[in-house]
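These numbers come from a predicted model, not from an experiment.
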Amino acid sequence: MKPLAALLASGLSLLTLAACTAPGAEIEPLTAEPAPAAALLWQAETAAGAIRAASCPPGDSAPQAFQTLPLTAAPLTPKQADVLSGRLPAGARLAGAWELGADDPNFGGLSGLAVEDEASLLAVTDAGGWVRIALTGGAPASASIAYMRGAGGKFLHGKLENDAEGLAYRDGVAYVSFERDFRIEAFAIGTCGAAAKAVEIAALPAAFEGKPLDANEGPEALTLTPEGHLRFGFEGASTSVSPVGRVLADGSAAWSGARAANPAGFALVGMDSVRLSGGTDLDITLFRAFDPLRGARSVLRWGPGEAGQLALSRPALTDNFEGLAAQTLDSGDLRLWIVSDDNFSNLQRTLLYAFDVTPAPGAE
């Protein structure tokens with residue numbers, strides 16, 4: 001994620017682009033991508049055993065616990081919640097909205113988000129941290145924090161190593177995409193907790209269509225498909241083109257030919273994939289933009305047209321939303337979680353929002 005100063009510096013060019021299209025006005029699904037044979041794609045179930053063995057210290061010791069974090073979770077005021085709910089299309093409702101805080105300078109920068117289980121969310125920070133948010137009745141109740149370790153067991157250090165952005169989670173293994181040094185690493189935190197060491201999954205492309213990629217426009221988005229394939233999406237804010245790629249079975253990574261259809265001036269920062277009750281897979285995407293006049297703006301998309309998207313901008317309470325996680329509910333609806341990255345700045349907020357949405361009938 002760009003620091004606030006960098007966003008301000010680029011704001012006028014983003015404003016020019018954003019003037020072409022209203023937020024979310026013409027968002028389409030990810031463009032069609034060729035479907036290679038499944039045998040050519042990396043597969044989480046196949047790799048999980050080796051990841052656990054390489055990530056965790058030998059032996060059967062209990063997982064190393066995260067450190068307790070003194071979390072505060074202030075719900076939005078009724079007026080703020082009403083304004084936010086007023087942005088939602090039919091078939092969607094606000095399930096909860098909170099401003100999070102903690103009396104700890106290491107809390108903040110939440111950039112990637114995943115549903116760990118029904119009672120907890122897992123987030124990564126762009127300073128190489130883990131933040132686990134425990135839920136009670138669907139609301140944040142407490143939190144704990146830990147720090148990522150490299151392959152040698154030492155803590156990740158410096159922006160080149162620890163700029164974690166995207167997160168996917170399955171069966172106790174957390175998959176993290178990093179900017180600066182474009183890569184995906186896995187951590188078996190479900191087995192050994194905070195002691196988990198990084199296991200390299202793939203180095204990611206450093207160029208797109210023959211042009212080098214800026215170190216700060218890298219793999220903000222990461223998802224595991226229902227089949228267990230890893231897909232990553234690059235931000236691409238300077239071009240408004242966000243290419244999408246896949247991890248291959250040989251441990252390499254390649255562009256898939258797909259692009260996220262960014263609204264003008266917006267960049268892809270999050271995606272998740274779920275399988276609906278009818279058996280169809282659905283991609284959910286999150287885009288963000290910033291300019292000095294309108295501030296942070298976001299578009300969350302889960303279906304076609306205006307009925308399947310939420311555009312967040314002032315006067316709704318909003319900030320730099322980067323993390324996205326989706327979970328299926330017993331009703332068949334989806335709960336979509338988004339969290340904002342405050343860049344460890346007193347000028348920004350850490351907001352956690354939850355929306356329950358009904359997928360369009362055509363999606364099933």
S.K.: Do you know the tightest heavy-atom contact between Ala194 and Ala65?
M.R.: CB-O, 3.9 Å
S.K.: Among pairs that include at least one residue of residues 127-153, which meet salt bridge (charged side-chain N to carboxylate O under 4.0 Å, His left out), considering only residues two or more places apart or in two chains?
M.R.: Glu116-Arg132
S.K.: Is there a donor-acceptor contact under 3.5 Å from the side chain of Gln80 to the main chain of Thr77?
M.R.: yes
S.K.: Is there a chain of hydrophobic side chains (I, L, V, M, F, W, Y, each step under 4.5 Å between heavy atoms) that links Val269 to Leu324?
M.R.: yes
S.K.: Under a 4.0 Å threshold between the charged nitrogen and the carboxylate oxygen, would Glu217 count as salt-bridged to Lys211?
M.R.: no
S.K.: Is there a donor-acceptor pair closer than 3.5 Å between any side-chain N or O of Thr72 and the backbone N or O of Gly101?
M.R.: yes
S.K.: Strictly distance-based, threshold 3.5 Å: is any side-chain N or O of Glu227 a donor or acceptor partner for the main-chain N or O of His229?
M.R.: no
S.K.: Can you see which heavy atom on Ala207 is nearest to which on Trp255, and at what distance?
M.R.: O-NE1, 3.0 Å
S.K.: Can Phe178 be reached from Ile201 by stepping across I, L, V, M, F, W or Y side chains whose heavy atoms are under 4.5 Å apart?
M.R.: no
S.K.: Using the rule that two of Ile, Leu, Val, Met, Phe, Trp, Tyr join whenever any of their side-chain heavy atoms come within less than 4.5 Å, decide whether Leu317 and Val83 are in one cluster.
M.R.: no
S.K.: Do Leu121 and Leu135 have side chains that approach each other closer than 4.5 Å (heavy atoms only, starting at C-beta)?
M.R.: yes
S.K.: Over all heavy atoms of both residues, which pair between Asn216 and Glu235 is shortest? Give the atoms and the distance, please.
M.R.: O-OE1, 3.2 Å
S.K.: Looking at Phe234, is its backbone amide N or carbonyl O close enough to the side chain of Ser242 to form a donor-acceptor pair, meaning the two atoms are under 3.5 Å apart?
M.R.: yes
S.K.: Hey, is CG on Asp103 packed in by over 12 heavy atoms from elsewhere, all under 6.0 Å?
M.R.: no
S.K.: What verdict does the side-chain contact (heavy atoms from CB on, under 4.5 Å) test give for Val173 and Thr191, after you've listed the backbone C-alpha separation in whole Å, the side-chain angles of each residue and the deciding distance to 0.1 Å?
M.R.: CA-CA 8 Å; Val173 178; Thr191 301; over 6 Å; no
S.K.: Quick one: do Val176 and Leu222 satisfy side-chain contact (heavy atoms from CB on, under 4.5 Å)? Show the steps, please.
M.R.: CA-CA 8 Å; Val176 183; Leu222 183 68; 5.6 Å; no
S.K.: Does any non-hydrogen side-chain atom of Asn162 lie less than 4.5 Å from one of Met148?
M.R.: no
S.K.: Atom OG of Ser256 and atom CZ of Phe232: how far apart are they, to the nearest 0.5 Å?
M.R.: 7.5 Å
S.K.: Counting distance only, does the side-chain N/O of Arg288 pair as donor-acceptor with the main-chain N or O of Gly270 below 3.5 Å?
M.R.: no
S.K.: Quick one: pull up CZ in Arg183 and CD in Glu200 and give me the separation to the nearest 0.5 Å.
M.R.: 8.5 Å
S.K.: I'd like to know if the side chain of Ser85 reaches the main chain of Ala81, judged simply by a donor and an acceptor atom lying under 3.5 Å from each other, with no hydrogens or angles considered.
M.R.: yes
S.K.: If I compare all heavy atoms of Phe287 with all of Thr285, which pair ends up nearest, and what's the gap?
M.R.: CE1-OG1, 3.4 Å
S.K.: Have Asn320 and Ser340 got a donor and an acceptor in their side chains that come within less than 3.5 Å?
M.R.: no
S.K.: Which value, rounded to the nearest 0.5 Å, describes the distance between Glu165 atom CD and Thr125 atom OG1?
M.R.: 9.5 Å
S.K.: Verify ring pair (Phe, Tyr, Trp, His ring centres under 6.0 Å) between Tyr353 and Phe321, making sure each step is shown before the conclusion.
M.R.: CA-CA 10 Å; Tyr353 290 171; Phe321 284 102; 5.1 Å; yes
S.K.: Indicate if Leu300 and Val115 have the same hydrophobic cluster label, given that clusters are the connected sets of ILVMFWY residues with side-chain heavy-atom separations under 4.5 angstrom.
M.R.: no
S.K.: Give the intermediate values and the outcome of side chain to side chain donor-acceptor pair (under 3.5 Å) for residues Arg275 and Thr328.
M.R.: CA-CA 8 Å; Arg275 179 156 291 163; Thr328 54; over 6 Å; no
S.K.: Answer yes or no: is there a side-chain heavy-atom contact under 4.5 Å between Gln67 and Tyr147?
M.R.: yes
S.K.: Determine whether the side chains of Trp337 and Gln327 contain a donor N or O and an acceptor N or O closer than 3.5 Å.
M.R.: yes
S.K.: Tell me if a side-chain donor or acceptor on Arg301 pairs with a main-chain N or O of Gly303 at a distance below 3.5 Å.
M.R.: yes
S.K.: Can you tell if the side chain of Leu100 reaches within under 4.5 Å of the side chain of Leu71, non-hydrogen atoms only?
M.R.: yes
S.K.: Determine whether Leu310 and Val299 satisfy the following criterion, side-chain contact (heavy atoms from CB on, under 4.5 Å), listing intermediate values before the conclusion.
M.R.: CA-CA 6 Å; Leu310 166 65; Val299 173; over 6 Å; no
S.K.: Rounded to the nearest 0.5 Å, what's the gap from CG on Leu88 to CG on Leu312? Could you check?
M.R.: 8.0 Å
S.K.: Heavy atoms, side chains only, cut-off 4.5 Å: are Asp319 and Glu99 in contact?
M.R.: no
S.K.: Count I, L, V, M, F, W, Y as connected when their side-chain heavy atoms are under 4.5 Å apart, and connections chain through other members. Are Val247 and Tyr175 then in the same cluster?
M.R.: yes
S.K.: So which atom in Ile133 and which in Pro140 form the shortest heavy-atom distance, rounded to 0.1 Å?
M.R.: CG2-CB, 3.7 Å
S.K.: To the nearest 0.5 Å, tell me how far Asp82 CG sits from Leu94 CG.
M.R.: 9.5 Å
S.K.: Is there a side-chain contact between Leu84 and Thr318, using heavy atoms and a 4.5 Å cut-off?
M.R.: no
S.K.: Nearest 0.5 Å please: distance from the OG atom of Ser177 over to the CZ atom of Arg231.
M.R.: 13.5 Å
S.K.: How about Ile184 and Leu204: do any of their side-chain heavy atoms sit closer than 4.5 Å?
M.R.: yes
S.K.: Any donor and acceptor pair, going by atom type alone, linking the side chain of Thr68 with main-chain N or O of Ser144 inside 3.5 Å?
M.R.: no
S.K.: I'd like to know if the side chain of Arg297 and the backbone of Ala311 have a donor-acceptor N/O pair within less than 3.5 Å.
M.R.: no
S.K.: Are Ile189 and Leu122 close enough that some pair of their side-chain heavy atoms sits under 4.5 Å apart?
M.R.: yes
S.K.: Could you check whether any side-chain N or O of Ser273 sits under 3.5 Å from a backbone N or O of Thr223, counting only pairs where one atom can act as donor and the other as acceptor?
M.R.: no
S.K.: Please test Leu230 against Leu224 for side-chain contact (heavy atoms from CB on, under 4.5 Å), starting from the C-alpha separation and ending with a verdict.
M.R.: CA-CA 5 Å; Leu230 271 173; Leu224 268 173; 3.8 Å; yes
S.K.: Under 6.0 Å between ring centres, would you say that holds for Trp302 and Phe355?
M.R.: no
S.K.: Are a donor atom and an acceptor atom from the side chains of Ser345 and Asp342 found within less than 3.5 Å of each other?
M.R.: no
S.K.: Could you tell me which non-hydrogen atom of Ala215 sits nearest to which non-hydrogen atom of Glu179, and how far apart they are?
M.R.: O-CB, 3.8 Å
